Undergrad: 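Please find one structure pasted underneath; my questions will follow.
This is a predicted model, so every value here is computed, not measured. Index from 1, following the sequence.
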Amino acid sequence: MLSKVRVVLVNTSHPGNIGGAARAMKNMGLSRLVLVDPKEFPSPDASARASGADDILQQAQVVATLEQALTGCNLVLGTSARDRRLPWPLVNPRDGAAVVLQHLQVDDAAEVALVFGREHAGLTNDELHQCHYHVHIPSCDEFSSLNLAAAVQVLVYELRMAWLQASEQPLCMEAVERTGLLGSAPATHDAMELFYAHLQRTLIDIEFLDPEKPRHLMTRLRRLFGRNQLSKSEVNILRGILTETQKAARGELQQRRSEHD
């Protein structure tokens, strides 16, 4: 679906911004870059800022006019840094991403363009007239000017988030890390009870806990460890520490060292 979205940069002055935009696109899974009359391209500065997104630069289409860049598009969103009092629908990046996804879901043959203007002046009124929607990034009024590549990053990020949600893919890595990458499922209730029993025995062995006067120590420790659900591997590590602590309390570690000396 994202392959049907092209990023169009109009009359870009600094080639480094082209590279930065290409990097932002590749980060978010977009690949189609169209350059309208860039001041300098190709350029070593563009390649340097692309930081590995050179394939997008190499495949970039360079055209003379915005009309050429929008050929085949049936939905165009143009970025606008300020209110020009034009009677066009104005959306923020998040709502704009929702518009794009809805359009792509309805029409399999749809082609969408995200249009970005010049670093110093943005898009002209005539260029904005060619857009179906105007997208305004609600930046701070006291310092509202965004770098071109940063503006591209904002829009393509929101588009990717909308696409992930629409395709029911995870929006973060937390679930994957817990169950896959780290291979550590949450500890079971039984495992936690065994851990608490082991912890209590160890605290008694080192005389930190007086079973006659417990003073709610184990209740507080349960609350401490219960704040975040421990994984199986984490419980195993803690129980290993407790086992070695018990050995030290019985003098077994010192005896072991003496035998090796």
Undergrad: Please table the atom pairs, donor to acceptor, closer than 3.5 Å between any side-chain atom in residues 151-162 and protein atoms at least two apart or in another chain.
TA:
residue : atom : partner : partner atom : Å
E158    : OE1  : R94     : NE           : 3.1
E158    : OE2  : R94     : NE           : 3.4
E158    : OE2  : R94     : NH2          : 3.0
R160    : NH1  : M28     : O            : 3.1

Undergrad: Which heavy atom of A166 sits nearest to which heavy atom of L101, and what is that distance?
TA: CB-CD1, 4.2 Å
Undergrad: Starting from I237 and following side-chain heavy-atom contacts under 4.5 Å between hydrophobic residues (I, L, V, M, F, W, Y), which residues can be reached?
TA: I241
Undergrad: Who are the side chain to side chain contact (heavy atoms under 4.5 Å, CB included) partners of A60, not counting sequence neighbours?
TA: L33, L35, F41
Undergrad: Can you tell me how far NE2 of H14 sits from NZ of K39, rounded to the nearest 0.5 angstrom?
TA: 10.5 Å
Undergrad: My understanding is that only residues two or more places apart in sequence, or in another chain, count here; which of them pass side-chain hydrogen bond (donor to acceptor under 3.5 Å, both in side chains) with Q102?
TA: none
Undergrad: Only one of Q200, Q246, R250 passes side-chain hydrogen bond (donor to acceptor under 3.5 Å, both in side chains) with D205; say which it is.
TA: Q246
Undergrad: What's in the same ILVMFWY side-chain cluster as M192, cut-off under 4.5 Å, chained through other members?
TA: F195, Y196, L199, L203, I204, I206, F208, L209, L217, M218, L221, L224, F225, L230, V235, L238, L242
Undergrad: Does the distance from a Lys or Arg side-chain N to an Asp or Glu carboxylate O, for R239 and E234, drop under 4.0 Å?
TA: no
Undergrad: Which pair of heavy atoms, one from G117 and one from T79, lies closest together, and at what distance?
TA: N-OG1, 4.0 Å
Undergrad: What heavy-atom pair brings S80 and H134 nearest, and what distance separates the two atoms?
TA: CB-CB, 4.4 Å
Undergrad: Who passes ring-ring contact (aromatic ring centres under 6.0 Å, His included) against Y133, sequence neighbours left out?
TA: none
Undergrad: Under the criterion side-chain contact (heavy atoms from CB on, under 4.5 Å), which of V112, V76, L77 is the partner of H132?
TA: V76
Undergrad: How far apart are the closest heavy atoms of A187 and A191, and which atoms are they?
TA: CB-CB, 4.4 Å
Undergrad: Can you list, pair by pair, the side-chain donor-acceptor contacts under 3.5 Å of residues 17-26, counting residues two or more places apart and other chains?
TA:
residue : atom : partner : partner atom : Å
N17     : OD1  : N147    : ND2          : 3.0
N17     : ND2  : E119    : OE2          : 3.0
R23     : NH1  : S51     : OG           : 3.4
K26     : NZ   : G52     : O            : 3.3
K26     : NZ   : D55     : OD1          : 3.1
K26     : NZ   : D55     : OD2          : 3.3

Undergrad: Test L75 against V99 for side chain to side chain contact (heavy atoms under 4.5 Å, CB included), laying out the working first.
TA: CA-CA 9 Å; L75 178 65; V99 169; 4.2 Å; yes
Undergrad: Kindly write out the residues that satisfy side chain to side chain contact (heavy atoms under 4.5 Å, CB included) with T71, not counting sequence neighbours, or none if the list is empty.
TA: none
Undergrad: Once side chain to side chain contact (heavy atoms under 4.5 Å, CB included) is applied, do any residues pair with Q169, and if so which ones, sequence neighbours excluded?
TA: W163, L164, S167
Undergrad: With sequence neighbours excluded, what pairs up with N92 under the side-chain hydrogen bond (donor to acceptor under 3.5 Å, both in side chains) test?
TA: D95
Undergrad: For residues 42-50, dump all side-chain donor-acceptor pairs below 3.5 Å to protein atoms at least two apart in sequence or in another chain.
TA:
residue : atom : partner : partner atom : Å
S43     : OG   : D45     : N            : 3.1
R49     : NH1  : G16     : O            : 3.4

Undergrad: NE2/H120 to CG/L148 distance, rounded to the nearest 0.5 angstrom?
TA: 12.0 Å
Undergrad: With V10, which residues qualify under side chain to side chain contact (heavy atoms under 4.5 Å, CB included), at least two apart?
TA: V8, V36, L66, V115, R118, L123, E127
Undergrad: Between NE2 of H136 and CG of L90, what distance do you get to the nearest 0.5 Å?
TA: 7.0 Å
Undergrad: Step by step, work out the side chain to side chain contact (heavy atoms under 4.5 Å, CB included) result for R6 and L70.
TA: CA-CA 9 Å; R6 68 187 74 170; L70 301 180; 5.6 Å; no
Undergrad: Quick one: CE on M1 to NE2 on H103, what's the gap to the nearest 0.5 Å?
TA: 11.5 Å
Undergrad: If every non-hydrogen atom of V91 is compared with every non-hydrogen atom of G96, which pair is closest and at what distance?
TA: CG2-CA, 3.8 Å
Undergrad: Evaluate whether atom CD of Q165 has more than 12 neighbouring non-hydrogen atoms of other residues, nucleotides or ligands under 6.0 angstrom away.
TA: no
Undergrad: Rounded to the nearest 0.5 Å, what's the gap from OG1 on T188 to CD on E193? Could you check?
TA: 9.5 Å
